**Q** 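First, the structure itself, so that you have it in front of you.
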Amino acid sequence: MSFIPLLPGSLSGPPAERSDAARNRERLLGAARELIAECGPDALTMDRLAERAGVGKGTVFRRFGSRAGLMMTLLSDSEAAFQARFMFGPPPLGPGAPGLERLIAFGAERIAYVMEHGDLARAAEASARSRYEVPAVKLWQRHIELLLREEGMDADPLLMAMSLTATLDPDRLLHAVRVHGLAPERLTDSWRELVTRVVRGR
């Protein structure tokens, strides 16, 4: 089964738009980034964004659809780059390495991604109607499932992929680092141990 990666800007709609619409979009995104830098993503609301950008709230909703849509748009470029690396990039993250090696590399890359973009990713998932139906999350889960099948797992690889995806949840990872003081390297080592045991059955 093949997938089409989320290209930059694709989370918010068709990439082609009028120049004035593109300028308005960039102005809104710039204002959103300013607010996040000042107050964090949890404090970013559609009302505050409209006020900062000097537009009506209806304009913000027409552009992004929802707060989740806004958050996903802010993540679009970084998420597209991550997807391109694990779908088309060099091994071991990309094609060409054994399934287990790719699973280990995927988790390590995702943990690093959350350490860099975690607050925004967490806010995007929390704002979604169903965090489990976010297209990017469904794509990661399917990717993990395919790698498990490649390694010969026949004991419900779909359910196992769902369980493994949950261990990379931004809330969980950030909580482990910020509340329990765990180093990201320990999270990566734990992921390696987990998927190795899952694949090898011991």
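What's counted below: heavy atoms across the whole structure, side chains too, no hydrogens, waters or symmetry copies. The structure displayed is predicted, hence computed values, not measured ones.
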**Q** Is any side-chain heavy atom of Leu173 closer than 4.5 Å to a side-chain heavy atom of Met115?
**A**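 SC-SC contact between Leu173 and Met115 confirmed.
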**Q** Please report the shortest heavy-atom distance between Ala32 and Leu44, naming the atom on each side.
**A**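 For Ala32 versus Leu44, the nearest heavy atoms are CB-CD2, 4.1 Å.
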**Q** Considering non-hydrogen atoms only, spot the tightest contact between Leu49 and Ala31 and give its length.
**A** CD1-CB, 3.7 Å
**Q** Could you check whether Glu79 pairs with Arg110 (Lys NZ or Arg NE/NH1/NH2 to Asp/Glu carboxylate O, under 4.0 Å)?
**A** yes
**Q** Please determine whether a side-chain nitrogen of the Lys or Arg among Asp189 and Arg192 lies less than 4.0 Å from a carboxylate oxygen of the Asp or Glu.
**A**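 Looking at Asp189 and Arg192, the cut-off is met.
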**Q** So, for Ala53 and Leu28, which heavy atoms are closest and what is the spacing to 0.1 Å?
**A**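 Minimum heavy-atom contact is CB-CD2, 3.6 Å.
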**Q** Check whether Arg186 reaches the backbone of Val177 with its side chain - one donor and one acceptor, N or O, closer than 3.5 Å.
**A**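 The answer is no, because no donor-acceptor pair under 3.5 Å joins these two groups.
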**Q** Please lay out, stage by stage, how Leu29 and Arg33 fare under the test side-chain contact (heavy atoms from CB on, under 4.5 Å).
**A** CA-CA 6 Å; Leu29 291 176; Arg33 294 185 182 103; 3.6 Å; yes
**Q** When rounded to the nearest 0.5 angstrom, what is the spacing between CG in Leu93 and CD1 in Ile104?
**A**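 Leu93 atom CG to Ile104 atom CD1 measures 12.0 Å (nearest 0.5 Å).
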**Q** Would you please name every residue forming a side-chain contact (heavy atoms from CB on, under 4.5 Å) with Glu116, sequence neighbours left out?
**A** none
**Q** Mark yes or no for whether Thr167, through its side chain, and Ser163, through its backbone, hold a donor-acceptor pair below 3.5 Å.
**A**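 Pair absent, no side-chain N/O of Thr167 close to backbone of Ser163.
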**Q** State, to 0.1 Å, how close Leu75 and Ser78 come at their nearest heavy-atom pair, and which atoms those are.
**A** O-OG, 3.0 Å
**Q** Rounded to the nearest 0.5 Å, what separation is found between the CG atom of Leu148 and the CG atom of Asp154?
**A** 11.0 Å
**Q** Please check: side-chain N/O of Trp191 versus main-chain N/O of Leu103, any donor-acceptor pairing under 3.5 Å?
**A**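 Between the backbone of Leu103 and the side chain of Trp191 there is a qualifying donor-acceptor contact (under 3.5 Å).
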**Q** Might you point out which heavy atoms bring Thr188 and Ala108 nearest each other, and give the distance in Å?
**A**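 Between these two residues, the closest heavy atoms are CG2-CB, 3.7 Å.
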**Q** Using the rule side-chain contact (heavy atoms from CB on, under 4.5 Å), only one of Thr165, Leu158, Leu139 pairs with Ile144; which is it?
**A**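 It is Thr165; the other options fail the test.
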**Q** Examine distances only and state if a side-chain atom of Thr196 and a backbone atom of Glu193 form a donor-acceptor pair shorter than 3.5 Å.
**A**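 Checking the backbone N and O of Glu193 against the side chain of Thr196, no donor-acceptor pair under 3.5 Å is found.
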**Q** Any sub-3.5 Å donor-acceptor pair from Glu151's side-chain atoms to Val199's backbone N or O?
**A** no
**Q** Do Leu164 and Trp140 come close enough that some side-chain heavy atom pair is under 4.5 Å?
**A**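 No, their side chains stay 4.5 Å or more apart.
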**Q** What are the two closest non-hydrogen atoms of Gly96 and Pro91, and how far apart are they?
**A**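 So the minimum-distance heavy-atom pair works out to C-CB, 4.1 Å.
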**Q** Check the surroundings of atom CE in Met162: do more than 12 heavy atoms from other residues, nucleotides or ligands lie under 6.0 Å from it?
**A** no
**Q** Where the side chain of Ser76 meets the backbone of Met72, is there a donor-acceptor pair that is under 3.5 Å apart?
**A**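 Pair absent, no side-chain N/O of Ser76 close to backbone of Met72.
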**Q** How many angstroms lie between CE in Met153 and CG in Leu100, if you round to the nearest 0.5 Å?
**A** 10.5 Å
**Q** Distance check, rounded to the nearest 0.5 Å: Leu35 atom CG versus Glu51 atom CD?
**A**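 It is 9.0 Å, given to the nearest 0.5 Å.
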**Q** Working note: Thr73 + Arg25, criterion side-chain contact (heavy atoms from CB on, under 4.5 Å); need CA distance, chi angles, decisive distance, verdict.
**A** CA-CA 10 Å; Thr73 301; Arg25 176 179 181 274; 3.4 Å; yes
**Q** For Arg85, what residues pass the salt bridge (charged side-chain N to carboxylate O under 4.0 Å, His left out) criterion, not counting sequence neighbours?
**A**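 Arg85 satisfies salt bridge (charged side-chain N to carboxylate O under 4.0 Å, His left out) with Glu109 only.
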**Q** Classify the side-chain pair Gln141/Glu145 by whether it contains a donor and acceptor separated by less than 3.5 Å.
**A** no
**Q** Output yes when Glu38 and Arg48 qualify as a salt bridge under the 4.0 Å nitrogen-oxygen rule, no when they do not.
**A** no
**Q** About how many Å separate CD of Glu34 and SG of Cys39, when rounded to the nearest 0.5 Å?
**A**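 It comes to 11.0 Å.
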**Q** Can you see whether Phe86 has Arg102 sitting over its ring - NZ or CZ less than 6.0 Å from the centre and within 45° of the normal?
**A**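 Geometry flag: not set, cation outside 6.0 Å or 45°.
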**Q** Parallel, tilted or perpendicular: which describes the rings of His180 and His175, with under 30° parallel and over 60° perpendicular?
**A** perpendicular
**Q** Check the angle between the aromatic planes of Phe82 and Phe106 and answer parallel, tilted or perpendicular using the 30° and 60° thresholds.
**A** tilted
